[in-house]
Amino acid sequence: MLENYSAKEIEAKWQKIWEEKAVFQPEPDSRKKFFLTIPYPYLNGNLHAGHTRTFTIGDAVARFKRMKGDNVLFPMAFHATGTPIVGLSELIANKDPLIWGVYTKLHGIPEEELSTLNTPEKIVLYFRRQAKAAMQSIGYSIDWRREFTTTDPAYSKFIEWQYGILRKLDYVVKGSHPVRWCPHDRNPVEDHDILKGEDATIMDFALIKFRMGDTVLPCATLRPETVFGVVNLWLNPDVNYVEARVNDETWIVSKEAYEKLTFTDRQVAWGAEISGKQLIGKTVTNPLTGTEVLILPAGFVDPDNGSGIVMSVPAHAPYDYLALKDLYDTDLSEYGITADLRKIGFISLIESPGYGELPAVEIVNELKVKDQNDPKAEDATKLLYRREFHNGVLKANTGQYAGTAVSKIKDVLLADLIEQGMAEVFYEFSETPVICRCGTRCVIMMVRDQWFLEYSDPEWKARVLKCLAGMQIIPEEFRVEFENKVDWLKDKACARRKGLGTHLPWDKEWLIESLGDSTIYMAYYTLAKYVNAGMKIDNLPPEFFEFIFMNNGNAAEIAKLTGIPQETVQQIHDDFAYWYPVDLRTSGKDLVANHLLFFLYHHVAVFPERLWPKAIAVNGFVSLEGKKMSKSKGPLLTLRQAVAENGADVTRLYILGNAEGTQDVDWRNDGVQSTHAHLERFYNLARDVLADDSIDENAPKTLVDRWMLSRLQRRIAEATEAMESIQTRRALQSAFYLLFNDLRWYQRRGGKNQLGVVLSAWVRMMSPFTPHVCEELWAAGLGEGYASLAAWPKADESLIDVQAEKAEDLLEKMLNDVQEILNVTKATPKKITLYTAPAWKKEMLQLAVDGAAGGKLDMGALMKAAMAAPAIAAHKKDAPKYAQKLAKAAHSLSAEALGLDEYETLGREKDYLQTALGVPVEIFSADDAGEDPKGKSKQAEPGRPAIYIE
RNA sequence: GCGGGGUUUGCCAAGCUGGCCAAAGGCGCAGGACUUAAGAUCCUGUCUCGCAGGAGUUCGCGGGUUCGAAUCCCGUACCCCGCACCA
């Protein structure tokens, strides 16, 4: 072994050996299998610290399970389907300055290489090579015989088979759905295509169809229930409206609204322009209540929001109340309105705690809103909306809806209104404008004849929930998150026109959307090995997959059909039967609401229950020096960079030991440096132990030897338990840092002969985390074969030595107490005398423990019992004081301190105490205190000897 | 807004099935040992006060339950993640 720790040499050496000796290439055998998968990375950049975390957790678990004796399969592949890679290749080809900067500076790609990546194929090839090299450089125990890319032809066949099944199950259906759309590019826009307004969401407004004769005046609202309280409509007199044909009706809407309608799934035709002024003063009919209401002018009406026509509910909408109030003293004769607007009665329809009949009026007064142009009007609206939404209940005048909570009414009412032809849905951005990167203002487009995965299907959902119920979710708190998301999931468009991917087998114009092609691919790993080995793949019909994965058919038939040798077909089939289902999938928490959910959906759809996944573990992200990492804006730390700068083992150790579960790891340079120092200390200590021939494992065990072995068992037990539940940080705390401290104490106490025993277990326990350095140490004399394949240490109950631990505890506490006294007195000791507790106090403690019931101890009863004991009675004067103390501590009394012969222990370790304290030490029992100038021996209690310092 | 997670001693971070918690571990900082010196390593200390091992005040903020709360309940503020057709 190397004299000094050198990550580079050690890591390169062992990575080469692992590969050459095929250490991590499992085949089915009689052992229990463990199939672990991690979402494959998308190939539009280099792997970064976030990937590093997820993958390293997975690798540590894989290595742990392997050492526990499982036959572990840990494969990896690459994701390339979808649009980003295509977009990226165009940007690179055009030498887009932004992309150029990101990829040269953040991803660290040399300019000459980057300039060659001008097609999707070259990008895929390049990043695939990079990613694999990166994963190898950090020492993942991946079976690389099974790697693939989602654009491989055989993979496409597999996806086609899967979608064939989904189609047969009627889970793939056609429908329409709204998307953000750039009219210039004629394409849906994604988040990264948006210049401004990426936070805008698509909201569905109700379009309530008020009528003026045969003409419809649609009012857009988020609160359809308030239609019961409409007392007038608002139009902006300064806005031009248009009379348009919409399907087979005539609508009046603002010009802006008309434009938006053209992108919906309605047939629209432009009619006559008509000014707002012309309409004001006319009346319209409320479709639901049949009442006639007047159209009034209002400046707050925005033609670019909704239809440009607003229904007025002054009892519940501050703007409506304000606008109406503003008109009370205005001359409206130019609109032909002569009626006294004060006679318009408000209609109250929502009951909410804290408000009376007219909440809008109350809140306007409360916030002292002046008029409709006052900015506070907006606050009042939001506040009231929130309160009524959460606490409001519909009143009697809403008929069949009376008593319904406002928060529950929208969908129900809207559906009813639509059914009766009184309303339609109108989509609008939550904030405007939304601007595409090309500078064009985006609209909401209804995509027609789109293929959907029907995730809303209640039976499908029920199966997913059943699957979840049978799964282990780590951390357990995320189970409810998963369940909520299943509930929330709606139908998902599953096909696109652009990008890389597999065509829908029955509709070749469409490509299967990339999240939909990465749901059950774990099954494909069993097959990929044979594809990579040169299996004939020209003809892989659904029957082939049916046999492999579903056990439908037989190998001979399939062989004939595909031209693949029968034995191979049978073997793939048997491999799958052995490895499936997925035992654990670990992933970043960002995939919970999408990929992980789809992973479950598709598994329950395609596979029988026994092949459903067993467990999901979710982990958090990685930040850099407290800053969120960003692939496009920086800062970014790539996997390769981390390894190049710090070594694989240090990178692994840091990222696994720094945070747990869904918390974020903060990558900090000082922390990484100290991790490096720790690992080096570990190496040096191990080296020294390995070189020390004076160690005699079979020598009689001293107190510290027994203590050390006892602690080791506890550390092993803790680390094992932690790894079983994928808590790498907890495991490392125990297996590395705390055990390190134990060893320090052991050596300080003069322990030596068990160092080899400890080291053997220690190296094995560290192997999943820092595999390279452990191989190096293992090979230097700890055992045969590979540390990576050695048996994970098992905690030996019989070596747990409570007595030894207590004795060491006593010594440590002793030293701490002496230290504290010295600190306080600032004295320089010449001699220290220790007095262990007298027999009567021990007896009394026992009485107290016996008498303490339910955490309570009766002083009187204790004294009575004590006085009956002659040994205690002899100390009549001191006994009550001690009894009082015991009574006070009644809830935490324990006889533990009685289990150790303190006098004997201290006597035996007297030499050590003298060395540690640097002065002569004398030890007495308080029963036989000898010279006791300050009477200190009286303070001695069980578990806490008295101290006298001179 | 909805759903999930979080707020601990200078920093990171355990604890959170109530007492053994002034609260693990690491980092940082301070002192000491070693060394010609530096580094590394080891030891000690690191909320406040204290000339005998003690006492006091802490675990976002405000209340409550309890003999007893960082840990349970209620309220409140702030932070992070997701909210889709995009990987």
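Using a 30° and 60° split on the angle between ring planes, A:Y601 and A:Y455 fall in the tilted class, from 30° to 60°.
Between the P atom of B:C85 and the NZ atom of A:K498 lies a distance of 14 Å, rounded to the nearest Å. In this structure, A:D590 atom CG and B:C81 atom P are separated by 11 Å, rounded to whole Å.
Closest contact between the side chain of A:R744 and the listed nucleotides B:C42, B:G25, B:C27 involves B:C42. The nucleotide whose nearest atom lies closest to any side-chain atom of A:N484 is, among B:G25, B:G4, B:C81, B:G4. Taking only side-chain atoms of A:H678, from C-beta outward, the nucleotide of B:G54, B:C85, B:G26 with the closest atom is B:G26. Side-chain proximity of A:H177 to B:G26, B:A87, B:C85: nearest is B:C85. Candidate nucleotides B:A84, B:A87, B:G26 were compared by shortest atom distance to the side chain of A:P84, and B:A87 ranks first. For A:W488, the side-chain atoms get nearest to B:A84 when compared with the rest of B:A87, B:C51, B:A84.
In a base pair of the Watson-Crick type (N1 to N3 plus N6-O4 or O6-N4) or a G-U wobble (N1-O2 and O6-N3), with each distance short of 3.5 Å, B:U46 is matched with B:G28. The partner of B:G82 is B:C2, by the rule that a Watson-Crick or G-U pair needs both atom distances under 3.5 Å. Figure legend. B:G18 is base-paired to no nucleotide; pairs are counted as Watson-Crick or G-U wobble with both atom distances under 3.5 Å. In this structure B:U9 sits in no base pair that meets the Watson-Crick or G-U test at under 3.5 Å. Across all strands shown, B:U36 remains unpaired; no Watson-Crick or G-U wobble contact has both distances below 3.5 Å.
Counting non-hydrogen atoms under 4.0 angstrom, A:K490 reaches a base of the nucleic acid. The residue A:H595 sits apart from the nucleic acid: no heavy atom pair falls under 4.0 Å. Note on A:V179: nothing from the nucleic acid sits closer than 4.0 angstrom, heavy atoms only. When heavy atoms are screened at a 4.0 angstrom cut-off, A:K934 is found touching no nucleic acid atom at all. Note on A:L591: nothing from the nucleic acid sits closer than 4.0 angstrom, heavy atoms only. Across all strands shown, A:E513 has heavy atoms under 4.0 Å from sugar-phosphate atoms exclusively, and none from any base. Note on A:G671: nothing from the nucleic acid sits closer than 4.0 angstrom, heavy atoms only. Within the 4.0 angstrom heavy-atom criterion, no nucleotide atom of any strand lies near A:K826.
Remark: A:S514 is in phosphate contact with B:A87, judged by side-chain N or O atoms under 4.0 Å from OP1 or OP2.
In the region residues 938-950 of chain A, proximity to RNA chain B at under 4.0 angstrom, judged on heavy atoms, holds for A:Q939, A:R944, A:P945, A:A946, A:I947, A:Y948, A:I949.
Between A:D742 and A:R711, at least one side-chain nitrogen of the basic residue sits less than 4.0 Å from a carboxylate oxygen of the acidic one, meeting the salt-bridge criterion. Note on A:E805 versus A:R714: salt bridge recorded, some NZ/NE/NH1/NH2 to OD/OE distance being below 4.0 Å. The existence of a salt bridge linking A:E481 and A:K589 is excluded, since no basic side-chain nitrogen approaches an acidic carboxylate oxygen closer than 4.0 Å. Between A:E718 and A:R730 a salt bridge is recorded (basic side-chain N to carboxylate O distance below 4.0 Å).
Listed by chain and residue number, nothing satisfies the ring pair (Phe, Tyr, Trp, His ring centres under 6.0 Å) test with A:Y163 (two or more places apart in sequence, or in another chain). Here A:Y103 pairs with A:H107 under the ring pair (Phe, Tyr, Trp, His ring centres under 6.0 Å) rule; sequence neighbours left out.
Only the C1' atoms considered, B:A30 is 34 Å distant from B:G19, to the nearest whole Å. Annotation: B:C21 and B:C59 have their C1' atoms spaced 10 Å apart (nearest Å). B:G60 and B:G56 have their C1' atoms separated by 23 Å, given to the nearest Å. Nucleotides B:G39 and B:C29 have their P atoms positioned 11 Å apart, rounded to a whole Å. Distance check on atom P: B:C11 versus B:U17 gives 25 Å, rounded to whole Å. With both ends at atom P, the span from B:A13 to B:C83 equals 24 Å, rounded to whole Å.
A donor-acceptor contact under 3.5 Å is not formed by the side chain of A:N44 with the base of B:A87. For a distance-only test at 3.5 Å, the side chain of A:D817 qualifies as a donor-acceptor partner of the base of B:G53.
Separating the OG atom in A:S623 from the NZ atom in A:K628 is a distance of 10.0 Å, to the nearest 0.5 Å.
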Restricting to nitrogen or oxygen on both sides, can you table the protein-nucleotides 11-14 of chain B pairs closer than 3.5 Å?
| from | atom 1 | to | atom 2 | distance (Å) |
| --- | --- | --- | --- | --- |
| B:C11 | O2' | A:R668 | NH1 | 3.3 |
| B:A13 | O2' | A:R729 | NE | 3.4 |
| B:A13 | O2' | A:R729 | NH2 | 2.2 |
| B:A14 | OP1 | A:Q663 | OE1 | 2.9 |
| B:A14 | OP2 | A:Q663 | NE2 | 3.2 |

Set out, line by line, the N/O atom pairs under 3.5 Å between protein and nucleotides 57-59 of chain B.
none

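Between the side chains of A:R652 and A:T770, no donor-acceptor pair of N or O atoms lies under 3.5 Å.
Note that A:R53 lies outside the cation-pi zone of A:F621, set by a 6.0 Å cut-off to the ring centre and a 45° limit from the axis.
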Anything under 3.5 Å between a donor and an acceptor, one on a side chain of residues 939-950 of chain A, the other on a protein residue two or more places apart or in another chain? List them.
| from | atom 1 | to | atom 2 | distance (Å) |
| --- | --- | --- | --- | --- |
| A:E941 | OE2 | A:K885 | NZ | 2.6 |

Can you check side chain to side chain contact (heavy atoms under 4.5 Å, CB included) on A:Y42 and A:F78, steps first, answer last? CA-CA 6 Å; A:Y42 188 70; A:F78 303 98; over 6 Å; no
